[in-house]
K.L.:
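I'd like to ask some things about the structure below.
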2 protein chains.
Amino acid sequence: MSSRSRGSIELSADDGLFSDDRTTRARIRDAAIECFAEHGVARTTARKVADSAGVSPGSIIHHFESMEGLRVACDQHVAAVIRRQKQEAMSAGTGIDVLAALREANIGWVAGYLAQVLAEDSPAVALIVDDLVADAEGYLQQGVEAGLVRRTANPRGRAAVATVWSLGALVLHRHLDRMLGVDLTDPGVGTDTAIASYAGPAFEILGGGIFTRDYAAHIQSAFTASQTTNEGTT
Amino acid sequence: MSSRSRGSIELSADDGLFSDDRTTRARIRDAAIECFAEHGVARTTARKVADSAGVSPGSIIHHFESMEGLRVACDQHVAAVIRRQKQEAMSAGTGIDVLAALREANIGWVAGYLAQVLAEDSPAVALIVDDLVADAEGYLQQGVEAGLVRRTANPRGRAAVATVWSLGALVLHRHLDRMLGVDLTDPGVGTDTAIASYAGPAFEILGGGIFTRDYAAHIQSAFTASQTTNEGTT
DNA sequence: CAATAGTCTAAACGTTTGTTCAGCTAGTGA
DNA sequence: TCACTAGCTGAACAAACGTTTAGACTATTG
């Protein structure tokens, strides 16, 4: 039951990140990413990936040495795709929201994959997050210089918290979908009008905060005064 | 390996939510909660729980019918503990931050448990989240009436987003710990001065937002004008 | 052509999983 | 004292897991 399309690798024109892609190794990797995104890492077995890719379980080991190796390869591939997508988005100048750059049509599965693996501690995923935070800090700095973003005494901390909040919403997409009726892991969420039920409150908070100006100043002074007590929220 | 105290859950004298607790069934449940919080749900096996509780694997089935039943019982127990803790905190009037009410000393393991199970779709956990959002909406409404919190056209959406962001930071505690040096699942995080590295930027965003006032108004108008295009971030 | 290396399959391996089962112990009531 | 029930154990169970292995097929090279 081989696909006998040995000669034409470049069948998928806009898919391969590199020229020698879409081999059996690439098909196994893509099937694994799909399984990881859909069922989670723990519930993805070697036989499921093999069936989905149309190969035997032994072929996975032959190409990736072990299931852990397959997992690492998937993480690295997703990281590479994200990095390329960000570079393309950077030249186009989309904006500050790091997730907006990932909502492109052809990489909609990236959101689902990240939602499943962000909670686990993988070195490759940690690199992705670190990159996203660094990029967010850069974007925010550009926004500050353009007069669009407020200055802060802790740019890195602000970028880290904002990015983690954004990614956390991705991880908890089921709860958001249940409460607001929009699934952030849905590939077509960018073109859906229902995204406003999430983006509306989100940008409202990012725009003007939650607290009134007087109370916000009170909290800020409480933080600068004594850092030992973290609850000045009466 | 573990801390000096034999068991963080077992030693709390006022733990039992009901009078007929602390039976073998309760010890199994507490050991399972500890295993779930420490190693995650997928990596928690029946034999690990049995060894941790000092019983045989068969005893787990005898009390909970199956591992899934144990999982449900743990979810429901944690939900009950959170609900009781919130009621106690409500009379004391701690504040808006829903997580602050959960950082009490004797229930520090709740944060670790939630961090592990929030990403999975469990009905009991969904009820916890829904309750947290409803409580947050109530607290925010009280803040609005007290002049501490801004008014909003979408109170429920704002409460949902703020709660999910807060819980998302809990789920991604490893990334926050790596970047900011503070672990939100650490039971003693409330008394640690390092919490400011997270709470500082967090309250800065919740206080005044990220964008400048002019740009925030521009975003808001872009949202009210056309809901089809979600990226007005230039 | 023969030899070699790479690719992939089907079957099987050993381990670990959740669960079952027969039997032991302790407490209770008649 | 006997019978009974609940609690619990330790061994064993089938199923599923990741991985190994022997061999077949294909393409390349001499």
Side-chain angles (χ1 to χ4, degrees), chain A residues 1-11 16 18-36 38-75 77 116-117 120 122 124, chain B residues 7 10 16 18-36 38-75 77 116-117 120 122:
Chain A
M1 302 300 177
S2 60
S3 59
R4 103 172 17 256
S5 64
R6 181 63 175 85
S8 61
I9 305 178
E10 52 277 52
L11 190 136
F18 310 106
S19 60
D20 60 331
D21 214 335
R22 264 299 149 187
T23 56
T24 302
R25 177 187 165 95
R27 282 195 298 127
I28 293 174
R29 183 211 337 108
D30 292 347
I33 290 175
E34 207 163 4
C35 284
F36 287 151
E38 190 171 1
H39 307 104
V41 177
R43 272 169 290 276
T44 294
T45 67
R47 284 169 177 82
K48 278 184 190 170
V49 174
D51 287 349
S52 181
V55 298
S56 69
S59 192
I60 296 176
I61 306 297
H62 176 260
H63 282 288
F64 297 95
E65 195 173 349
S66 67
M67 278 298 283
E68 180 62 25
L70 174 60
R71 166 71 201 286
V72 172
C74 289
D75 281 349
H77 180 71
Q116 293 282 8
V117 304
E120 317 200 6
S122 152
Chain B
E10 293 107 66
F18 310 106
S19 59
D20 59 333
D21 215 334
R22 268 297 140 191
T23 56
T24 302
R25 177 187 165 94
R27 281 195 300 129
I28 292 174
R29 189 224 316 119
D30 292 347
I33 290 176
E34 210 164 3
C35 284
F36 287 151
E38 190 170 1
H39 307 104
V41 177
R43 272 169 289 277
T44 293
T45 66
R47 285 168 178 81
K48 278 184 191 170
V49 174
D51 287 348
S52 181
V55 298
S56 70
S59 191
I60 296 177
I61 307 297
H62 177 259
H63 282 289
F64 297 95
E65 195 173 348
S66 68
M67 278 298 283
E68 181 60 28
L70 174 61
R71 166 71 202 286
V72 172
C74 289
D75 281 349
H77 181 71
Q116 294 282 7
V117 304
E120 317 200 5
S122 152

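Residue numbers begin at 1 in each chain, while the letters A, B, ... track the order of the sequences.
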K.L.:
Answer with base, sugar-phosphate or nothing: what part of the nucleic acid does B:Gly54 contact at a heavy-atom distance below 4.0 Å?
P.N.:
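Result for B:Gly54 = sugar-phosphate.
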K.L.:
I need the CG-P distance between B:Leu70 and C:dG18, as an integer number of Å.
P.N.:
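Value for this atom pair: 10 Å.
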K.L.:
Can you tell which of D:dG7, C:dT19, C:dT17 lies closest to the side chain of B:Pro57?
P.N.:
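It is C:dT19.
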K.L.:
For a quick check of understanding: with a heavy-atom distance under 4.0 Å over all strands, which category does A:Ser56 fall into, base, sugar-phosphate or nothing?
P.N.:
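Here A:Ser56 touches the bases of the nucleic acid.
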K.L.:
Please report, rounded to the nearest Å, how far the P atom of C:dC8 is from the CZ atom of A:Arg27.
P.N.:
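Between P of C:dC8 and CZ of A:Arg27: 8 Å.
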K.L.:
Between C1' on D:dG23 and NE2 on A:His62, what's the gap in Å once rounded to a whole number?
P.N.:
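Result: 14 Å.
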K.L.:
Mind calculating the distance between NZ (A:Lys48) and P (D:dA16) to the nearest angstrom?
P.N.:
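Spelled out: NZ on A:Lys48 to P on D:dA16 is 11 Å.
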K.L.:
Quick one: A:Met67 CE to D:dG18 P, roughly how many Å, whole number?
P.N.:
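In whole Å, D:dG18 P lies 5 Å from A:Met67 CE.
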K.L.:
Indicate, with a heavy-atom threshold strictly under 4.0 Å, whether B:Ser59 touches base, sugar-phosphate, or nothing.
P.N.:
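Base contact.
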K.L.:
If you draw a 6.0 Å radius around CD in A:Glu120, do more than 12 non-hydrogen atoms from other residues or ligands fall strictly inside?
P.N.:
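Atom CD in A:Glu120 is crowded, with more than 12 foreign heavy atoms closer than 6.0 Å.
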K.L.:
What closest approach, in Å, do A:Ile33 and A:Cys74 show between heavy atoms, and which atom pair accounts for it?
P.N.:
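Closest heavy-atom pair between A:Ile33 and A:Cys74: CG1-SG, 3.6 Å.
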K.L.:
Which one, D:dG18, D:dC8, C:dT9, comes nearest to the side chain of B:His63?
P.N.:
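Of all the options, the side chain of B:His63 is nearest to D:dC8.
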K.L.:
Is B:Lys48 salt-bridged to B:Glu38, going by a charged N under 4.0 Å from an acidic O?
P.N.:
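Answer for the salt bridge query: no.
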K.L.:
Which sits closer to the 5' end of DNA chain C, A:Gly58 or A:Arg47, going by the nucleotide each is nearest to?
P.N.:
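Whichever sits nearer the 5' end wins; that is A:Gly58.
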K.L.:
Quick one, B:Val117 and B:Arg71 - any side-chain contact, counting heavy atoms below 4.5 Å?
P.N.:
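Result yes, sub-4.5 Å side-chain heavy-atom pair found.
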K.L.:
Whole angstroms only, please: what is the CD1-C1' distance between B:Ile61 and D:dA12?
P.N.:
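After rounding, the gap between these two atoms is 15 Å.
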K.L.:
Can a salt bridge be assigned to the pair A:Asp51 and A:Arg47 using a cut-off of 4.0 Å between side-chain N and carboxylate O?
P.N.:
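Not counted as a salt bridge, because no side-chain N and carboxylate O are separated by less than 4.0 Å.
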K.L.:
Whole-Å distance between C:dG6 P and A:Arg25 CZ?
P.N.:
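Rounding to the nearest Å, CZ of A:Arg25 and P of C:dG6 are 15 Å apart.
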K.L.:
How close or far is atom C1' of D:dT19 from atom CD of A:Glu65, stated in whole angstroms?
P.N.:
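Interatomic distance, CD of A:Glu65 to C1' of D:dT19: 12 Å.
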